[in-house]
Structure formats: C-alpha cells, structure tokens
S.K.: 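Before we start, here is the structure in question, set down as structure tokens.
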Amino acid sequence: MSDDPRTLATRRRLLDATMQTIREQGMAKLSARTIAATGSVNQALVFYHFGTVDGLVAEACHVLTSERVDRHRPALDAVTTWAGLIDVAEQVRADEREEGNVAVLGQILAASDGNPDLATAAGRAIGLWTGAVRPTLERLLATSPVGELFDADVLTDLAASAFVGIELMEPTRTGEGRQADDPLARLRPVAELLDGLGPIARRAVRSVLRGTQRT
C-alpha cells in the first residue's frame with residue numbers, strides 16, 4: 001500500500017463511507033456506487049484500492065474496529081474489579097450504540113451467512129475485542145475465588161458471544177421493563193458480591209468449588 005498522503009486519504013474516505021453507508025442504508029443497498037456516492041469519490045476507486053466491495057467491507061470492519069478497541073483499551077487495562085469490568089462494558093455499549101456500530105455489526109453478521117469473506121471479517125472484528133478483554137479477565141480470575149473454576153479463554157469467548165447477543169437482541173426489548181431486564185445491570189450485583197468477599201469468605205468459596213470439581 002502506498003504511503004502517499006492522497007492515497008491514504010482516499011482509502012480512509014472509502015473506509016468511512018462504507019461504514020456510513022451500512023449504517024444509513026444497510027448491507028442490502030451496499031455497492032461500489034452507494035459507497036462512492038457517500039464518500040463523494042469515483043466508484044472505480046473501490047476496485048482499484050480494495051479489489052471488491054467485500055474486500056472493502058472487510059478492511060473497513062478491521063480498521064475501524066481496531067481504532068475503537070484501542071480507544072477503550074486503557075480503561076480495560078485499568079480494571080481491577082469485576083464491577084469495574086461491568087462499568088467498562090456499559091461504556092463500550094453506550095459508545096457503540098451512539099456511533100451506530102451495533103447496527104453495522106448486525107448487518108455484517110446477517111450478510112456473512114454464505115459469504116466466507118464477510119464471515120472472516122466479522123470474526124476478525126470480534127477477535128479484536130476478545131483479544132483486548134482476555135488479559136483483563138485473566139487478571140481478575142488470578143485473584144478471584146472462582147478463578148479455578150473458569151478458563152480465561154472460554155470465559156472470554158462466552159463474554160463476547162453474550163455481548164454480541166445482547167446487542168442484537170436490543171431492538172426486541174421494549175417497554176417499562178427494559179432497564180430492569182438489562183443483562184449487564186443484572187450482572188452488577190454478582191460482580192459486587194465477588195468484589196466484596198473477604199479473605200475468609202474467599203477461602204470458603206474456593207474450598208466449595210474445589211470439592212465440586214472433585215465430585
């Protein structure tokens with residue numbers, strides 16, 4: 001890839017235009033023409049720089065997700081409690097919704113069925129998030145009374161799957177019970193309970209869990 005500033009600017013315009021087009025028009029209407037119109041560029045540049053529309057979507061998904069993960073990485077690195085992790089998750093969710101990225105993720109995941117290129121792109125994007133979250137979970141599990149019960153890799157994958165599922169299900173949750181049914185809000189008391197366990201309680205929990213594993 002050329003380091004020419006004009007080339008980099010054009011590529012960036014196409015990346016941003018791709019995400020904007022998906023947000024505003026959906027994957028069904030995504031094409032070189034609609035992307036070019038959104039970015040005010042010649043549609044031939046889509047193929048010149050990225051080969052295919054799917055190639056452009058994959059690159060846009062990767063680059064923009066990397067930037068968002070990097071934005072939240074310092075907060076994840078600073079987490080020292082389970083409740084603190086819930087705080088970061090809530091902030092990530094709020095930011096992603098405000099920027100329309102939840103809708104983009106849903107569109108790309110839906111379009112990835114039967115499309116290996118988009119499936120790979122979605123998997124890479126989710127992998128960027130899990131790669132950032134995993135060290136935090138490893139750090140928390142290392143000092144947690146439930147640390148011996150959970151594998152960090154498995155828990156990271158479960159957390160990512162649950163988070164994606166929560167976001168994709170969000171449009172179905174309406175009415176007065178919406179806030180009360182918020183899965184992250186429901187997890188907070190559990191997180192605070194784990195954080196508040198004293199030394200004796202921690203030893204008791206570990207003893208019970210070890211006994212459970214042996215049976």
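Heads up: numbering here begins at 1 and tracks the sequence.
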S.K.: My understanding is that only residues two or more places apart in sequence, or in another chain, count here; which of them pass salt bridge (Lys or Arg N to Asp or Glu O under 4.0 Å) with E138?
M.R.: none
S.K.: Taking the side chain from Q43 and the backbone from A36, do they hold a donor-acceptor pair closer than 3.5 Å?
M.R.: no
S.K.: List in chain and number order the residues that pass salt bridge (Lys or Arg N to Asp or Glu O under 4.0 Å) with D87, two or more places apart in sequence or in another chain; answer none if no residue qualifies.
M.R.: R188
S.K.: Taking only residues two or more places apart in sequence or in another chain, which ones pass side chain to side chain donor-acceptor pair (under 3.5 Å) with S31?
M.R.: T34
S.K.: What is the minimum heavy-atom distance between A152 and L141, and which atoms define it?
M.R.: CA-CD1, 3.8 Å
S.K.: Hey, what else clusters with V154 if you join Ile, Leu, Val, Met, Phe, Trp, Tyr whenever side-chain heavy atoms sit under 4.5 Å?
M.R.: L158
S.K.: Give the minimum heavy-atom separation between I35 and T21, together with the two atoms involved.
M.R.: CA-OG1, 3.9 Å
S.K.: Side chain to side chain contact (heavy atoms under 4.5 Å, CB included) with A119: which residues, sequence neighbours excluded?
M.R.: S112
S.K.: T136: what forms a side chain to side chain contact (heavy atoms under 4.5 Å, CB included) with it, not counting sequence neighbours?
M.R.: L76, V79, L85, R139, L140
S.K.: Taking side chain to side chain contact (heavy atoms under 4.5 Å, CB included) as the definition, give me every residue that meets it alongside A122, ordered by chain and number, with sequence neighbours left out.
M.R.: I108, L109
S.K.: If you define the side chain from C-beta out and look only at heavy atoms, does anything of R134 sit under 4.5 Å from D157?
M.R.: yes
S.K.: State, yes or no, whether a side-chain contact exists between N101 and L105 at a heavy-atom distance under 4.5 Å.
M.R.: no
S.K.: Sequence neighbours left out, what pairs pass salt bridge (Lys or Arg N to Asp or Glu O under 4.0 Å) with at least one residue falling in residues 51-78?
M.R.: R12-E67, R68-E96, D70-R73, R71-E99
S.K.: Please report the shortest heavy-atom distance between D195 and W82, naming the atom on each side.
M.R.: OD1-N, 3.0 Å
S.K.: Please lay out, stage by stage, how Q107 and L30 fare under the test side chain to side chain contact (heavy atoms under 4.5 Å, CB included).
M.R.: CA-CA 11 Å; Q107 291 276 345; L30 189 72; over 6 Å; no
S.K.: Just grab all the salt bridge (Lys or Arg N to Asp or Glu O under 4.0 Å) pairs involving residues 105-126, residues at least two apart or on different chains.
M.R.: none
S.K.: Sequence neighbours left out, what passes side chain to side chain contact (heavy atoms under 4.5 Å, CB included) with A125? Give chain and number order.
M.R.: C61, T65
S.K.: Does some side-chain heavy atom of W129 sit less than 4.5 Å from a side-chain heavy atom of V92?
M.R.: yes
S.K.: Heavy atoms, side chains only, cut-off 4.5 Å: are L14 and Y48 in contact?
M.R.: no
S.K.: The criterion is salt bridge (Lys or Arg N to Asp or Glu O under 4.0 Å); which residues satisfy it with R13, sequence neighbours excluded?
M.R.: none
S.K.: Quick check: do Q25 and T38 have side-chain heavy atoms less than 4.5 Å from each other?
M.R.: yes
S.K.: Taking only residues at least two apart or on different chains, which pairs with a member in residues 23-46 satisfy salt bridge (Lys or Arg N to Asp or Glu O under 4.0 Å)?
M.R.: none
